[in-house]
Amino acid sequence: MQGPLGDVVVLDLSRALAGPHAAQMLGDLGAHVIKVEHPSGDESRGWGPPFVGPDADISTYFLAANRNKQSITIDLKTAEGRELVERLVRRSDVLIENFRTGVLDRLGFGADRLHELNPRLIVLSITGFGHDGPEGGRPGYDQIAQGEAGLMSLTGPPGEPYRVGASIADLLAGIHGAYGVVAALYERERTGKGTVVRTSLLASVVGVHSYHGTSWTVGGKLPVANGNHHASIAPYGAFHCADGMLQIAVANDGQWQKVARLLDIDPNIPKYATNRERFAHRDELISDMEKALVAHDRAHWLSALADLGVPAGAIRTIDEVYSWDQVHSQGLLVDVDHPVLGRITLPGPPLRFDDHPAPAHTPPPALGQDNDAVLTWLEAQESTSGGSAT
């Protein structure tokens, strides 16, 4: 693959979701990603349903996080396996790991040793709650982190915490990790030295608290769950109409004037004139709006709101999203030729670059399918550079 990271080699020692997602993002940008798996495979190969394929043994969960990678099987607990990893480290620009704190050190691949092997190596380390501090090294899974990091207290109907439907803590950690890697690669151009980039599920969720965080740290107000309505803006949320629900987002008083007149509500009465007042009377406002909205179906209101330039939208199911022309137009789905499944469609990368053509993506690999190819590549690299580190 070609792309902004077309000359970068990534050694992916991670498993499950956060680390593999970071590596996949770098692969989307053109990096050569070598996924190292235990001979039993990444644990997410066994996560389902659904499972697909002739023997119903291919996890769609694994398919979601491992496109644009090669797979090589290595047992890190053997001397032969550790020696092979050492050789790969010397040839890599980036190493990604999400072992529990201390595991990589016990295997002989602590940060000092890795930089002894390759001083230019960027190490991305993703943990559950951080590698240090009073609870450093604590194991972390997505839903546990969502609860511990406060996200569940902000999600769902008031009074009942809910997890975000996607594994958002894992995915944010992967995104933040990839972002950190790119910054470290840029810094390496100036310093010539590698570094360790650290993030965690906890850090990644707290890092996106945004105005919920400052509501407490600056405003002294404890944020709570608001269901399908915004914590600070009204009207902004999901509303019932004749055939279901639609969403309306009124971000300023000018937009409110348009919506109010469309729904035959006086926009200037004191309780609705400003966002501060509208929010204070939000329940009453929602009731008044829905009394008008139930007169017509969703299509009617979406058309009318579009004519007024007011942000509004449907609430789509996943199948509706993936059949939407706008999603296809943005390159958010990619087709790959899987060796067992044939032509399959995967969720695609969220970035496009005007000066780079759309890349040809490769399918998530079968376990160990690239053992020979990676060894051949490694031997060629070693023979052309005399065994020195990158």
| request: Under the side chain to side chain contact (heavy atoms under 4.5 Å, CB included) rule, what do Val294 and Phe239 come out as? Steps first, then yes or no, please. | output: CA-CA 9 Å; Val294 295; Phe239 299 85; over 6 Å; no
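- With Arg15 contributing its side chain and Asn98 its backbone, the two residues share a donor-acceptor pair below 3.5 Å.
- A salt bridge links Glu37 to Arg45: one of the charged nitrogens lies within less than 4.0 Å of a carboxylate oxygen.
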| said: Let's go through Asp28 and Arg67 carefully: what are the C-alpha distance in whole Å and the side-chain angles of both, what is the deciding distance for salt bridge (charged side-chain N to carboxylate O under 4.0 Å, His left out) to 0.1 Å, and is it a yes or a no? | reply: CA-CA 8 Å; Asp28 286 336; Arg67 65 175 175 265; 2.8 Å; yes
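- Distance alone, capped at 3.5 Å, places no donor-acceptor pair between the Arg198 side chain and the Leu124 backbone.
- For Glu97 (side chain) and Leu13 (main-chain N/O), no donor-acceptor pair under 3.5 Å exists by modelled atom type.
- Between Trp216 and His209, a ring centre-to-centre spacing not shorter than 6.0 Å is recorded.
- Ring-centre distance between Phe279 and His229: not below the 6.0 Å cut-off.
- Crowding of Tyr141 atom OH: a count of heavy atoms from other residues, nucleotides or ligands under 6.0 Å not exceeding 12.
- In this structure, the side chains of Arg261 and Pro267 come closer than 4.5 Å at one or more pairs of heavy atoms.
- Taking a 6.0 Å sphere around CG of Asp112, one finds it holds 12 or fewer heavy atoms contributed by other residues, nucleotides or ligands.
- Ionic pairing of Arg113 and Asp105 is not present here: no N-O contact between side-chain nitrogen and carboxylate oxygen is shorter than 4.0 angstrom.
- Heavy atoms of other residues, nucleotides or ligands lying less than 6.0 angstrom from CZ of Phe353 number more than 12.
- In this structure a side-chain-to-backbone donor-acceptor pair under 3.5 Å is present from Thr376 to Asp372.
- Within the 3.5 Å criterion, the main-chain N or O of Gln255 finds a donor-acceptor partner in the side chain of Asn252.
- Remark: side-chain polar atoms of Ser44 are not paired, donor with acceptor, to backbone N or O of Tyr61 under 3.5 angstrom.
- No cation-pi contact links Arg278 to Tyr272, judged by a cut-off of 6.0 Å to the six-membered ring centre and 45° from its axis.
- For the side-chain contact (heavy atoms from CB on, under 4.5 Å) with Leu341, the lone residue among Val52, Val336, Thr60 that qualifies is Val52.
- In this structure a side-chain-to-backbone donor-acceptor pair under 3.5 Å is missing from Ser92 to Leu95.
- Salt bridge status for Glu379 with Arg91: absent, with no side-chain N to carboxylate O gap under 4.0 Å.
- Ion pair Lys271/Asp266 not flagged as a salt bridge, since none of the NZ, NE, NH1 or NH2 atoms sits closer than 4.0 Å to an Asp/Glu carboxylate oxygen.
- In this structure the side chain of Ile74 never reaches within 4.5 angstrom of the side chain of His38, judged on heavy atoms.
- Side-chain atoms of Glu43 do not come within 3.5 Å of backbone N or O of Ala16 as any donor-acceptor pair.
- With hydrogens and angles disregarded, no donor-acceptor distance shorter than 3.5 Å links the side chain of Asp170 to the backbone of Leu17.
- Remark: the backbone N or O of Ala65 is paired with a side-chain donor or acceptor of Lys69 at under 3.5 angstrom.
- Between Asp337 and Arg343 there is a salt bridge, since at least one side-chain N of the basic residue sits less than 4.0 Å from a carboxylate O of the acidic one.
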